[in-house]
Amino acid sequence: MLILHCPCCGVYADETELAPGGEAHLTRHGPGSSDEAFTSYLFARKNPRGVHFERWRHAHGCGKWFHAARDTATLEVFGTYSAQTTEPPKAIRDAIAKRRPGWTWRGIA
Amino acid sequence: MSEPVSALNHAAFDGLVEIEECGLQGMIILRGDLSARAVRSAATGATGAKMPGPREVQTNGAKALCWMSPDELLILCDYSFVAQAIEGMNKALNGVHALAVDMSDARTMFRLTGAAARDVMAKLTPADVSPQALQPGQIRRSRLAQVSAAFWLEDDMTFRVVCFRSVARYTFDLLCTAARPGSDVDYFNAPAAP
């Protein structure tokens with residue numbers, strides 16, 4: 001069971017209150033991009049064992065999207081943060097580094 | 001002209017707690033930047049209640065302001081007062097990016113009264129309804145079994161629950177089942193361990 005802190009309304013929300021939104025920090029490749037970039041944006045997803053970044057929506061609560069950083073193997077949550085960002089904030093990256101030294105995720109560390 | 005009725009028209013149940021559908025209840029959703037002065041004064045002006053902070057309910061008699069999300073307020077008032085309240089708010093919100101909509105007939109409100117009210121709610125929701133986490137004046141939006149609901153405590157024995165009208169019967173049946181005599185849990189009322 002996963003309990004995530006919603007940074008929008010401040011509630012500690014149970015997994016069943018939330019709707020999963022898949023991998024976070026995707027770069028959209030739309031019209032004008034190469035076929036490879038578009039295919040990768042549309043279909044290629046990380047499925048790591050360990051540190052992962054995801055989007056979640058507080059569907060039964062305030063209805064807002066947010067980001068979560070967690071470990072897919074241990075379900076340890078490193079932190080949640082605003083959806084209005086294109087990369088994990090430093091505080092989150094530091095929190096992960098403390099628990100998982102040497103972690104990387106899609107070139108972020 | 002036909003008479004407006006609420007979804008369950010004051011359906012009631014007496015078990016571990018008294019459950020009552022509250023009948024016609026004026027509910028207005030106000031969407032906008034809650035830190036904007038015009039939005040705040042529209043909300044407080046319509047109710048006379050103070051502006052609620054995050055996850056708070058501020059009441060003034062039968063009127064109340066409930067904080068629903070960072071950009072949403074639920075305004076409670078008399079069913080007959082809704083049109084007048086919206087008109088007043090629209091005047092205050094003139095030129096501001098905000099929206100006030102009558103949701104009275106799209107929602108249903110229940111009242112749970114009794115010492116076991118927390119226990120009954122705890123059977124249905126994953127939200128923490130312990131006295132440490134939920135006090136009168138605080139609102140929580142969560143889930144009751146399969147449907148979304150918002151609930152808050154009027155006092156230590158009284159819950160108010162708001163859900164969508166389309167699931168009113170489901171929610172009422174849920175609450176009744178959770179409050180069936182003989183199904184006491186006595187978790188929150190249990191005497192302190194010696």
Side-chain angles (χ1 to χ4, degrees), chain A residues 1-26 28 52-93 95, chain B residues 29-35 51-57 65-74 99 101 103 106-107 121-135 137-153 161-164 166-167 170-171 174:
Chain A
M1 168 118 76
L2 208 53
I3 293 178
L4 298 178
H5 177 254
C6 174
C8 302
C9 66
V11 155
Y12 282 88
D14 178 273
E15 187 179 348
T16 58
E17 263 180 58
L18 305 166
E23 187 178 323
H25 307 306
L26 298 174
R28 184 172 183 274
H52 197 29
F53 295 87
E54 290 171 326
R55 299 186 304 154
W56 288 86
R57 193 171 81 88
H58 196 185
H60 285 293
C62 65
K64 302 293 179 209
W65 286 96
F66 61 92
H67 283 134
R70 68 178 183 105
D71 187 307
T72 56
T74 63
L75 296 194
E76 177 177 353
V77 177
F78 302 112
T80 55
Y81 51 101
S82 159
Q84 282 70 39
T85 176
T86 51
E87 60 173 37
K90 184 155 179 8
I92 296 286
R93 284 181 286 155
Chain B
I29 285 291
L30 177 62
R31 282 266 189 179
D33 177 3
L34 297 188
S35 59
M51 188 70 183
R55 303 183 307 284
E56 277 181 13
V57 177
L65 292 176
C66 310
W67 191 94
M68 299 296 268
S69 85
D71 58 2
E72 182 179 349
L73 279 185
L74 174 66
L99 191 67
V101 180
M103 281 290 172
R107 309 276 164 95
M121 290 300 286
K123 289 184 190 182
L124 301 172
T125 174
D128 190 352
V129 292
S130 65
Q132 292 78 38
L134 195 67
Q135 281 290 319
Q138 289 181 304
I139 186 169
R140 180 72 154 85
R141 288 180 78 183
S142 181
R143 167 176 80 74
L144 292 183
Q146 299 186 38
V147 296
S148 299
F151 46 85
W152 66 97
L153 283 161
V161 179
V162 175
C163 68
F164 292 118
S166 55
V167 293
Y170 174 83
T171 307
L174 269 184

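In what follows, every heavy atom counts, from backbone to side chain, and hydrogens, waters and symmetry copies are set aside. Labels below follow one simple rule: chain letters A, B, ... track the order of the sequence lines, proteins then strands, and each chain is numbered from 1.
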In this structure, are over 12 heavy atoms from other groups packed under 6.0 Å from B/Y170 atom OH?
yes
For B/Q146, is the CD atom crowded, meaning more than 12 foreign heavy atoms sit under 6.0 Å from it?
no
A/K64 with B/E72: basic N within carboxylate O range, under 4.0 Å
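Result for this pair is no, no salt bridge flagged.
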In Å, rounded to the nearest 0.5 Å, how long is the span from CZ of B/R143 to CG of A/L18?
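Those atoms lie 10.0 Å apart.
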Just how far is it from atom CG of B/D128 to atom CG of A/D14, taken to the nearest 0.5 Å?
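If I round to the nearest 0.5 Å, the distance is 11.0 Å.
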Can you name the nearest heavy-atom pair linking B/P70 to A/C8, along with the distance?
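It is CG-O, 3.3 Å.
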If I compare all heavy atoms of A/E17 with all of B/R141, which pair ends up nearest, and what's the gap?
OE1-O, 3.8 Å
Classify the side-chain pair A/H60/B/S148 by whether it contains a donor and acceptor separated by less than 3.5 Å.
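The answer is yes; a qualifying pair exists.
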Taking B/R55 for its side chain and A/C9 for its backbone only, find out whether a donor-acceptor pair lies under 3.5 Å.
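Yes; judged by distance alone, with no hydrogens or angles, the pair exists.
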